[in-house]
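Here is the structure we will look at, set down as structure tokens.
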Amino acid sequence: MATNRQSAKRFFSPSSIVFIGGSNLELPIRNTLALGYSGEIWVVNPNRDNIACYPCYASIADLPRVPDAAFVGVNAERTVSVVEALSHAGCGGAVCYAAGFAEVGDSGAKLQDALVQAAADMPIIGPNCYGLINATHGLALWPDQLACPRVEEGVAIVSQSGNIALNLTMHLRSLPIANVISVGNQANFGIADCVDLLLDDPAVTAIGLYIEGLKDVAQFGRIAIKAIERQIPIVALKAGTSDIGTRLTLSHTSSLAGSDELYQALFDRFGVIRVNTPAELLETLKLVSVCAPARGNRLGVLTCSGGDSALMADQIDRLGRQFPDLNYDQTIRLSKLLPEFASLSNPLDYNTSIWGDLNACIEVFSVFLSGDFDLGVLVLDFPLRNIGSDEAWHITLDALAAAQSLANKPCVVISTLPEALPEPARLKLLSGGICPLQGLSDGVNAISRWVQSDIRKRNLLAVGRLAELNLRPAGADPAHSVVLNEYESKEQLAQFGLFPPPGHCVLASEVPDAASSIGFPVVIKAVSREMAHKTELNAVQLNLQNSADCGEAARRMSHTLAEADISIEGFLVEKMLSDSVGELIVGLKRDPQFGLALIIGTGGVLVNLLSDSASLLLPTRRDEVQAKLLGLQGYKLLDGYRGKAKGDITSTVDAIMAVAEFGLAHWDEIMELDINPLLVMPEGQGAFAADAWIRLKK
């Protein structure tokens, strides 16, 4: 049931709030007052005279006006009737604090269904949640400790876990937080709905997500496109994976990608920055909300220690970012500013010869930042405040701010230890538009993912047609399915431009003549809907050189499969392509959340050995397919490995796109599709489906 968007806007920025419950209301009321809320506050409790010094109304019907927002702090059963009364009155929205709904099983799920019906089109946060904070508006429908001060702007955090949301507010990271939303069970208002509203709030600088699972992946995709257009970064911490292998899986393709890989494909598609820990989430949110986007991945790094330089170089190299060399002019100028023993390189260890000298530091930093860098990075750890003066460290920060102004490019400061960048230093940096990143690994990861995501989003905006990225609804899995045999599968795919090697499907008696007409050597395969994999059943014979061997192979297969009680529908005789450059696996798999996904991987005998694959959501584009193809470990085999011929990459991408188009044309029918191997021939000679297998809904 769709919720009312206008009501949701009232809910998130209310002029009036009603709190319904008992003594558990005191903390959210106090939190709201602590944030400086200036609207009206009412309390409903038929058995109390007052709560938190506010007089109690006996019922919602007794309120002086219709509230914009409600905090419902009663038990699960009573929550349903309270929400129904609020919806009937025209309330903007409600936080449902109680647990005991869908998270507890069938009985709770039925109660949650009743809650959704009671809410009608009124949005509800929860149930089973901590609620909602809007620190720019003074709203804190939040029944726990409040660590968010009033701010004019900041990042928004949307979390499926109330405790994670709470913990993220307890940081010492100098990250202004404008909104926190604990969505709980997402009964009728989920993560994507929250993000959609937040994107319309000019006070929101970036959005951080803690996700366990999305209810509507296609809706999230549409909202992510809106975020790209609004230039609001989204950073996601995705927890939990589903073991898709517990479901019926017959093809190699389906074993290559679980739901976590598909979430990664989703984030890659829309430029969502994925992080792995809460600390990375906070540091990345800080980076994307402070710094103007870097134009590329070329980093210039300043340190005052050879050890810091080495550590930073290792971190950056691990993530594949670039350290451009100093140019001639920089080298000459720096040689005059630094001692002879200084190593003039990037990273630059400017050593302690200029330590504490503001003018000298400004000059060195300015010369360095004039280089061919997209982002300037200073590695700096402050001393403990109780062991001496940190004046010289602040001089270093002042010098960086002056040099950044001259260079007109974004800069960050990274401490190797999270605790080695104290609050006064962080605040000074933030006031100058320089991001203070705490912890070497978290900071470098934040930079790397931010740059990669920004490049992706710029490319999307340059190409345009963002609507083409919209995903289709997943659709439901059927109870039954049917398998096409190899010949039928290849015939279907050929209509979309993916062709097998030259061949014929014939009876056993016709195999020798068919082989002669094709030309030796040939491959012979038994055709049956009852076989997903032929090799294990000795139902395929390669490199046959004459008619007699072909006839014998067909007779032997017929006998073997008859003993295994497998019926044969014919024999596929195909040209043996022995000069392929490499082999790929290409397929489609159905996921209950994502619908059909396209899987590309290194194929043939290496498919299970390397587990080298990439996932793409449909629809997709040639540039996306080519980028994923180039990212495979096995791509080296297709690119002229050790002097061998290069593969026909254009035809290979054509073949993969044919599979993608086939999937879109049969979106509601396909369960699994497996091309293994796709033979990649030398340049100009094409790419061919040596084997194909399709499972359809019945």
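Every heavy atom of this structure was used, including side-chain atoms; hydrogens, water molecules and symmetry mates were not.
- Note on residues 341-352: pairs passing side-chain hydrogen bond (donor to acceptor under 3.5 Å, both in side chains), not counting sequence neighbours, are N351-S353.
- Listed by chain and residue number, R458 satisfy the salt bridge (Lys or Arg N to Asp or Glu O under 4.0 Å) test with D454 (two or more places apart in sequence, or in another chain).
- Residues passing the side-chain contact (heavy atoms from CB on, under 4.5 Å) test with A206, sequence neighbours excluded: V155, P233, L285, V288, S289.
- Salt bridge annotation for R274-D268: absent, with no cationic side-chain nitrogen under 4.0 angstrom from a carboxylate oxygen.
- For D390, the side-chain contact (heavy atoms from CB on, under 4.5 Å) partners at least two apart in sequence or on another chain are F382, P383, W393, H394.
- Residue pairs meeting the salt bridge (Lys or Arg N to Asp or Glu O under 4.0 Å) criterion with at least one partner in residues 394-417, sequence neighbours excluded, are D398-K428.
- Within the structure, the salt bridge (Lys or Arg N to Asp or Glu O under 4.0 Å) test picks out the following pairs touching residues 280-294 (sequence neighbours left out): R173-E283, E280-R449, E283-K286.
- Comment: D193 does not engage R5 in a salt bridge, judged by the lack of any side-chain N to carboxylate O separation of less than 4.0 angstrom.
- Looking at residues two or more places apart in sequence or on another chain, you find no salt bridge (Lys or Arg N to Asp or Glu O under 4.0 Å) involving R150.
- Under the salt bridge (Lys or Arg N to Asp or Glu O under 4.0 Å) criterion, the residue pairs touching residues 325-348 are D329-R333, with sequence neighbours excluded.
- Take S305 and apply the side-chain contact (heavy atoms from CB on, under 4.5 Å) test, not counting sequence neighbours, and it matches D308.
- In this structure, R385 has no salt bridge (Lys or Arg N to Asp or Glu O under 4.0 Å) partners at least two apart in sequence or on a different chain.
- Ring geometry for F220 against F267 counts as perpendicular: the plane angle is over 60°, on a 0 to 90° scale with 30° as the lower cut.
- For W450, the ring pair (Phe, Tyr, Trp, His ring centres under 6.0 Å) criterion is met by no residue, not counting sequence neighbours.
- The list of ring-ring contact (aromatic ring centres under 6.0 Å, His included) pairs with a residue in residues 131-167, not counting sequence neighbours, reads Y130-W142.
- Exactly one of V195, I191, D216 qualifies for a side-chain contact (heavy atoms from CB on, under 4.5 Å) with I223. That residue is V195.
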